[in-house]
Amino acid sequence: MDLFGVLHLDELSHGLANLPMFPYFDMAHYIVSIMSLREQPGALQVSRVSPLACWFSSMLFCFGGAVLSAIMLAEPVVAPLSNSTSVLIASIIWYLVFYCPMDLVYCCAALLPLRLLLSGMKEVTRTWKVLGGVTQAHGKYKDSLLVMIAIGWAKGAGGGLISNFEQLVRGVWKPETNELLKMSYPTKITLIGAVLFALQQTHYLPLQKHHLMLVYTVFIVVNKSRMMLTGSSTSPFANIESAIYKTLFTGHSPYAALTDEVKKSCIDNGATNGSTSATKESDDKGATGKHTTGSPVKEKSVSLKAKEESENAETNCKKTN
Amino acid sequence: MDLFGVLHLDELSHGLANLPMFPYFDMAHYIVSIMSLREQPGALQVSRVSPLACWFSSMLFCFGGAVLSAIMLAEPVVAPLSNSTSVLIASIIWYLVFYCPMDLVYCCAALLPLRLLLSGMKEVTRTWKVLGGVTQAHGKYKDSLLVMIAIGWAKGAGGGLISNFEQLVRGVWKPETNELLKMSYPTKITLIGAVLFALQQTHYLPLQKHHLMLVYTVFIVVNKSRMMLTGSSTSPFANIESAIYKTLFTGHSPYAALTDEVKKSCIDNGATNGSTSATKESDDKGATGKHTTGSPVKEKSVSLKAKEESENAETNCKKTN
Amino acid sequence: MDLFGVLHLDELSHGLANLPMFPYFDMAHYIVSIMSLREQPGALQVSRVSPLACWFSSMLFCFGGAVLSAIMLAEPVVAPLSNSTSVLIASIIWYLVFYCPMDLVYCCAALLPLRLLLSGMKEVTRTWKVLGGVTQAHGKYKDSLLVMIAIGWAKGAGGGLISNFEQLVRGVWKPETNELLKMSYPTKITLIGAVLFALQQTHYLPLQKHHLMLVYTVFIVVNKSRMMLTGSSTSPFANIESAIYKTLFTGHSPYAALTDEVKKSCIDNGATNGSTSATKESDDKGATGKHTTGSPVKEKSVSLKAKEESENAETNCKKTN
């Protein structure tokens with residue numbers, strides 16, 4: 001693309017493409033991931049009760065993408081464990097974040113400027129992971145765009161996609177919610193990245209790989225920083241999504257009238273349908289049913305917020321000290 | 001077998017064995033599968049909330065057998081996705097069944113004569129899938145009858161066997177029921193088919209492959225049609241099953257007296273044991289407990305009926321329009 | 001090691017290392033495993049309702065380690081099924097334990113002296129399984145200690161580690177508990193064994209393989225017998241564990257004061273957090289909440305006791321006759 005030449009970005013994009021992820025960017029990824037685990041409700045208690053379950057959960061947060069893509073490609077799930085250096089670094093970070101004397105490490109890392117830097121670096125690893133997944137899939141399934149997207153997505157957002165099973169390790173089970181039913185921002189942006197890189201790989205997207213890497217990386221880092229600084233969790237694609245949804249998935253069907261109503265109430269109902277006992281309770285209790293049905297949603301939003309690594313952590317940290 | 005020669009069925013069975021499944025029979029399989037997903041309680045709401053979860057669920061209904069057998073044989077789970085044409089056709093059908101303007105496609109396909117034809121064609125694909133699984137396992141594990149049966153069964157009835165996890169995609173979790181605890185008719189007939197084809201493959205069954213294909217296909221198609229026309233869901237093997245059960249699994253054990261009682265109450269109890277909260281509820285509430293315990297069973301039968309692609313869909317369709 | 005030479009144990013350890021597991025020790029493993037399945041709450045009812053689910057559950061108890069390590073190494077999960085002789089023996093034992101006329105087999109095997117012998121023999125197979133896993137992993141991942149430990153552990157304690165999914169086959173779902181959150185004695189001792197054998201394999205432990213096999217086998221057999229005879233379930237490592245825990249996982253963190261309290265209440269809370277409905281109940285009911293929260297713990301301890309193959313089975317057996 002000539003634009004890159006004009007703006008002298010060619011060199012920059014080449015430099016970025018040759019940036020090694022190991023060790024600094026990987027470490028930032030481990031720190032931010034394990035901190036977001038620590039901010040999950042109940043995670044601190046688990047860390048006191050069973051350090052092993054906590055460690056295993058942390059490894060799933062750090063290497064979830066590698067594990068999920070290994071399962072999908074029928075490669076050994078233990079392969080990520082065989083990279084001793086990475087596991088060792090992740091384990092040391094896990095120990096420091098959860099058990100450091102005076103809780104120093106967590107409190108320092110949770111300071112807004114440092115957290116902003118770490119989160120930015122973590123976002124950079126996303127580009128590499130998505131691209132790695134797409135390239136790996138391209139090597140095995142030459143012409144299958146769908147497989148490339150699936151593996152790229154799994155590599156980049158694996159931790160989120162397997163969150164139901166990661167939670168199970170910690171004794172938490174929330175079947176009424178998953179990343180397919182209600183995608184979080186990181187999952188969404190990774191999917192878009194996987195689509196873009198798969199299109200680039202198959203030459204449907206007339207862009208050079210390193211240029212795409214630059215554009216995508218800048219976009220996700222800037223966007224993540226914006227979200228952390230403004231505290232907003234609105235997706236930058238909300239309007240496009242809404243337009244696509246209205247065009248494709250409502251149509252002139254007899255349910256069109258229902259759709260708006262459904263959109264509002266669906267998560268409540270979805271959650272209620274999911275857990276039989278909850279349904280029964282609300283049936284049995286009449287008036288109090290409304291209150292009961294509401295709570296899973298509240299709980300979920302709490303957990304999602306925690307996952308989004310909110311900058312509130314800083315405040316919490318001061319409180320606990 | 002001479003009988004086939006006498007009845008001039010030899011040519012017919014050869015013709016059937018050479019029948020290509022792609023594209024018409026495969027399409028019938030996709031249509032019937034996705035329609036049965038749509039008739040699951042809560043599925044329509046999921047289709048409005050998260051088209052992606054709905055699409056993924058549909059793919060599990062369509063390619064569940066391929067996915068399950070891939071897992072069992074340690075082959076890439078994404079392999080079914082790499083067959084772009086099949087995935088494209090299934091995706092178009094998914095879109096038309098769920099989001100077609102005026103809901104035309106679903107309503108047409110749900111008309112009894114068309115549904116009868118499509119269901120018959122879907123049953124034909126079952127023969128091919130079971131045989132494919134048995135042959136594939138025979139290539140890898142020469143002399144293991146059990147592996148052949150397992151893979152044949154998984155290929156032919158995969159969607160049912162992984163239904164717990166397919167439901168999880170839609171935010172539904174019903175641990176108290178699965179296809180092993182209470183087999184549905186399609187799962188049962190597929191198991192029988194897998195046993196027959198595995199015996200044929202290892203020459204324990206003195207029958208030629210194409211003859212067995214003809215006999216099995218005719219049997220499942222006729223039986224499916226009979227069940228749809230009469231609306232009965234009684235298995236044609238109920239008597240044989242009952243006899244085998246009484247001979248082998250009751251015996252002279254001290255529990256023999258209990259068995260009848262258990263048989264009646266077991267599903268209730270099983271369900272109650274499964275979900276701790278339900279148990280606690282009935283303990284806490286005394287008199288109302290009975291009522292509570294009953295409901296999962298009712299719910300389950302509803303879901304099973306939906307899966308059996310009841311012809312009631314036609315009526316529902318008129319109602320919704 | 002010279003000590004072995006001095007005590008003339010060299011020959012004994014060589015003899016042990018050449019002991020074939022098939023068929024007697026394997027049979028003891030199958031018998032003890034299937035008996036412990038039968039002692040799980042609700043398992044007998046499942047055996048009357050669905051012999052197939054019961055059989056599948058039994059196979060997971062018998063071959064759980066092989067299945068789990070196959071998944072981790074991306075080898076076919078059906079491979080254990082392809083060993084027809086083992087599956088046949090395990091199936092016959094399953095039939096006899098669950099459905100034998102007059103319940104003779106279970107009642108005989110549950111007699112303390114016989115159960116003691118069988119449990120001892122089952123423990124011997126543990127050494128072979130752990131060693132097999134470590135060796136297999138060493139062949140694939142030369143220098144990765146972690147992978148060796150993981151595969152050795154999975155092979156030796158697979159049944160326990162996949163217990164959540166084994167229970168799901170029987171319609172039971174207890175997300176609030178798993179072997180990582182609260183390790184049972186067999187899981188713990190297997191992990192220690194896996195660590196020792198992995199260290200021996202990589203020559204960090206200056207001990208010959210057959211010597212380590214002797215020491216480890218004698219330790220687990222003696223310890224199991226002691227636990228069965230005294231009826232105690234206290235781990236022989238309780239003190240060491242406690243010391244390690246206090247040194248590493250409490251530290252000077254601001255949570256140190258909390259830790260003791262957390263240690264007491266954690267399992268209750270963990271369980272409550274896990275099942276949303278339970279939480280809601282206790283919120284809704286106020287005074288009765290305390291009672292509700294307590295019950296999952298009680299239930300779990302019952303199930304763990306059952307798993308530990310308590311010698312009470314003998315008493316139960318007399319009662320049922």
Side-chain angles (χ1 to χ4, degrees), chain B residues 69 71-76 137 140-151 154 164-165 173-183 191 244-245 248-256 258-263 265-267 269-281 283-284, chain C residues 41-42 44-57 70-71 73-79 81-84 87-88 91 95 98-104 106-107 167-176 271 275-281 285 288 291-292 295-296 299 317 320-321:
Chain B
S69 69
I71 293 173
M72 290 167 77
L73 289 168
E75 286 170 1
K140 292 205 165 188
Y141 299 91
K142 277 286 166 225
D143 50 353
S144 178
L145 206 61
L146 260 174
V147 174
M148 279 185 242
I149 294 171
I151 301 294
N164 283 68
F165 296 95
W173 185 244
K174 290 179 188 160
E176 70 279 1
T177 173
N178 65 55
E179 285 287 324
L180 287 173
L181 269 181
K182 182 133 188 62
M183 269 200 255
L191 177 57
I244 292 176
Y245 182 87
L248 287 179
F249 299 117
T250 51
H252 303 283
S253 92
Y255 304 97
L258 274 166
T259 306
D260 284 338
E261 199 196 325
V262 168
K263 254 172 106 175
S265 70
C266 52
I267 301 167
N269 292 330
T272 317
N273 285 340
S275 61
T276 22
S277 51
T279 320
K280 263 176 278 153
E281 260 174 74
D283 288 343
D284 291 356
Chain C
L44 262 179
Q45 279 181 328
V46 168
S47 75
R48 305 293 139 178
V49 183
S50 168
L52 187 71
C54 179
W55 175 82
F56 191 66
S57 224
I71 292 172
L73 289 169
E75 286 171 0
V77 181
V78 287
L81 274 185
S82 70
N83 187 344
S84 306
V87 174
L88 192 68
S91 299
Y95 185 82
F98 275 98
Y99 309 102
C100 179
M102 309 300 296
D103 214 19
L104 273 175
Y106 177 73
C107 286
Q167 287 168 353
L168 187 56
V169 171
R170 291 183 281 124
V172 177
W173 185 243
K174 289 177 189 160
E176 70 279 3
S275 60
T276 21
S277 50
T279 320
K280 265 176 276 153
E281 260 174 73
K285 281 176 199 162
T288 61
H291 170 74
T292 314
S295 57
E299 209 176 316
C317 204
T320 51
N321 267 310

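Naming convention: chains lettered A, B, ... in sequence-line order (proteins, then strands); numbering from 1 in each chain. These values consider heavy atoms only, across backbone and side chains, with no hydrogens, waters or symmetry-generated copies.
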- Message: Quick check on Met148(B) against chain C: is it the side chain, the backbone, both or neither that has a heavy atom closer than 4.5 Å?
- Response: neither
- Which atoms of Ile151(B) come close to chain C, meaning under 4.5 Å heavy atom to heavy atom: side chain ones, backbone ones, both, or neither? side chain
- Message: One pair to check against side-chain contact (heavy atoms from CB on, under 4.5 Å): Thr177(B) and Leu181(B). What are the steps and the verdict?
- Response: CA-CA 7 Å; Thr177(B) 173; Leu181(B) 269 181; 5.9 Å; no
- Looking only at heavy atoms, the pair that brings Phe98(C) and Arg48(C) closest together is O-NH2, 2.9 Å
- Task: Determine the minimum heavy-atom distance between Pro76(C) and Ala74(B), stating which atoms define it.
- Result: N-CB, 3.5 Å
- Item | When Val78(C), Val87(C), Leu104(C) are compared by non-hydrogen pairs under 4.5 Å with chain B, the top option | Val78(C)
- Message: Need one label for Ala79(C): side chain, backbone, both or neither, based on atoms under 4.5 Å from any heavy atom in chain B.
- Response: both
- What heavy-atom pair brings Tyr99(C) and Leu248(B) nearest, and what distance separates the two atoms? CB-O, 4.0 Å
